[in-house]
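Read the structure below first, then the notes.
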Amino acid sequence: MPELPEVETVVRGLQQTIVGETIIDIEAPWEKALNPDDAYDSVVGKTIQSVSRRAKFIIIELEVGALVVHLRMTGKLTPVFPEKYITVILHFRSGQALYFQDMRKFGRMVFTKDPADLLGHLGPEPLSADFTLMVFMQMLRTKKRTIKPLLLDQTFLAGLGNIYVDEALFQAGIQPESSASAVPKQNVVRLHSAIQSILSASIQAQGTTILNFSHGDNQSGTFQAALRVYGRKDQPCVMCDTPIEKIKLGQRGTHFCPECQTNFS
DNA sequence: CGGCCATCCTGCACGC
DNA sequence: TGCGTGCAGGATGGCC
């Protein structure tokens, strides 16, 4: 599934392939992904100015307004015709096209006159210079919420997904059910560092993941191998050999080591 | 405010 | 062998 680093790589690819293209037609075989009636007049005839990312959203800027895309779990944007699961097609004057392929059909593409309307609610970018340790400590101080659902909340911090949160909490020694405001400073320091290092490492490993994607659906790669708790239920902890536990928390599969991670409350 | 639930979809891994 | 069941997941919106 596309995670933040994969979205980042998709954006970099699109910057090379679709900027300058003029959209001459839209097809939406799956209208829930994009309502062509709403978007057609605003999009057709427009030229793509730039492509950027905010959290896991892809922003395709036009002369006026933008197409904002969220891939969710199985969405892909590709110039190569996919045989199955096409939800939206943008046709370009050059003869090229951009295909939105999405097996589970959760992904969405929306035209908006001002992307800020759709993205304004998002919290800070975890890899931005603004997201300092001091800022993070301030953010957590007043939150009585459970730490894992809080980290998944895009209005609190933008871009983390289920896998990264489990991994970051493991690296920081924090049990996922801990109360955010009760986490000691020392572990907040480790968590802040873990979030940034794990995301950075994933961006580095991303090439491999994307390569696997383009070859098919093989998800095994260096990224998968780097996971230390996610998907490792009942397997020995890499640090202490205690079996990894899996629970349900906020409707999410949640993995942790009961020995290495302390429940602060 | 915070937590929990359903919803959207499909493929796949189960168990019998 | 084949069928049914349940699970996975990001984000939203509703409810208590």
Side-chain angles (χ1 to χ4, degrees), chain A residues 1-8 10 28-35 53-59 68-77 82-88 100-110 112 115 117-123 125-126 139-169 175-183 195 199 202 209 212-213 216-220 223-224 227 229-235 244-256 263-265:
Chain A
M1 83 201 70
E3 297 283 349
L4 185 147
E6 285 166 10
V7 175
E8 178 64 30
V10 168
W30 185 255
E31 294 199 3
K32 287 185 181 177
L34 175 72
N35 186 328
R53 177 187 67 76
R54 172 78 169 101
K56 299 171 204 166
F57 291 90
I58 297 163
I59 305 154
V68 176
V69 183
H70 199 302
L71 302 174
R72 295 289 175 97
M73 271 87 70
T74 57
K76 299 173 178 70
L77 289 176
E83 72 288 3
K84 294 168 77 175
Y85 311 123
I86 297 171
T87 58
V88 181
F100 193 175
Q101 182 196 28
D102 191 2
M103 186 182 73
R104 292 191 190 167
K105 301 179 176 175
F106 278 17
R108 295 291 183 265
M109 181 180 288
V110 179
T112 175
D117 292 344
L118 291 174
L119 307 172
H121 66 294
L122 294 166
E125 286 282 326
M139 286 164 63
L140 287 171
R141 189 166 297 157
T142 57
K143 295 291 180 185
K144 299 214 184 299
R145 294 177 63 181
T146 309
I147 188 74
K148 171 163 175 178
L150 180 64
L151 292 174
L152 284 174
D153 184 342
Q154 301 295 297
T155 68
F156 177 76
L157 184 62
L160 285 184
N162 199 40
I163 296 172
Y164 292 119
V165 169
D166 279 6
E167 294 297 314
L169 288 173
Q175 206 274 352
E177 292 169 294
S178 297
S179 171
S181 59
V183 176
I195 289 169
L199 283 179
S202 302
T209 312
N212 287 339
F213 261 88
D217 272 335
N218 183 5
Q219 295 251 4
S220 64
F223 175 66
Q224 196 83 0
L227 299 180
V229 284
Y230 187 86
R232 298 194 66 248
K233 182 190 177 196
D234 295 334
Q235 295 177 45
I244 298 301
E245 286 188 17
K246 182 180 181 186
I247 60 172
K248 205 83 166 180
L249 184 53
Q251 296 172 282
R252 294 285 169 269
T254 299
H255 312 72
F256 66 97
N263 191 338
F264 304 104
S265 54

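These values consider heavy atoms only, across backbone and side chains, with no hydrogens, waters or symmetry-generated copies. Naming: A, B, ... by sequence-line order, numbering from 1 per chain.
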How long is the line joining [atom1] of [X] and [atom2] of [N], in whole Å?
| X | N | atom1 | atom2 | answer |
| --- | --- | --- | --- | --- |
| Leu71(A) | dC9(B) | CG | C1' | 16 Å |
| Glu31(A) | dC9(B) | CD | C1' | 17 Å |
| Arg72(A) | dT10(B) | CZ | P | 15 Å |
| Met73(A) | dA11(C) | CE | C1' | 9 Å |
| Leu152(A) | dT12(C) | CG | C1' | 14 Å |
| Leu122(A) | dG10(C) | CG | P | 15 Å |
| Phe156(A) | dG10(C) | CZ | P | 18 Å |
| Leu119(A) | dG10(C) | CG | C1' | 15 Å |

### Summary
The answer to which of Arg104(A) and His121(A) contacts DNA chain C further toward the 5' end, by nearest nucleotide, is Arg104(A)

[X] side chain: which of [options] is closest?
| X | options | value |
| --- | --- | --- |
| Arg145(A) | dA11(C), dG3(B), dG10(C) | dG3(B) |
| Lys246(A) | dA8(C), dA11(C), dG10(C) | dA8(C) |
| Lys32(A) | dC8(B), dG10(C), dT12(C) | dC8(B) |
| Trp30(A) | dC9(B), dG11(B), dG2(B) | dC9(B) |
| Phe106(A) | dG3(B), dC9(B), dG11(B) | dC9(B) |

### Message
A side-chain contact here means heavy atoms from C-beta on lying under 4.5 Å apart; do Arg232(A) and Leu227(A) qualify?
### Response
no

### Query
Are any non-hydrogen side-chain atoms of Val69(A) and Val88(A) less than 4.5 angstrom apart?
no

side-chain N/O [X] vs [N] OP1/OP2, d < 4.0 Å:
| X | N | value |
| --- | --- | --- |
| Tyr85(A) | dC9(B) | no |
| Thr146(A) | dG3(B) | yes |
| Lys248(A) | dA8(C) | yes |
| His70(A) | dA11(C) | yes |

### Message
Here's a test of your reading of the structure: between Lys144(A) and Arg252(A), which maps to the more 5' nucleotide of DNA chain B?
### Response
Lys144(A)

### Query
Start at the 5' end of DNA chain B and walk down; is the nucleotide closest to Gln251(A) or to Lys143(A) reached first?
Lys143(A)

### Message
Determine whether a donor-acceptor pair (N or O, by modelled atom type, separation under 3.5 Å) exists between the side chain of Ser178(A) and the backbone of Ile147(A).
### Response
no

### Summary
Nearest heavy-atom approach of Gln101(A) to Lys84(A) is NE2-O, 3.1 Å

### Query
Can you tell me how far the CE atom of Met109(A) sits from the OG1 atom of Thr87(A), to the nearest 0.5 Å?
7.0 Å

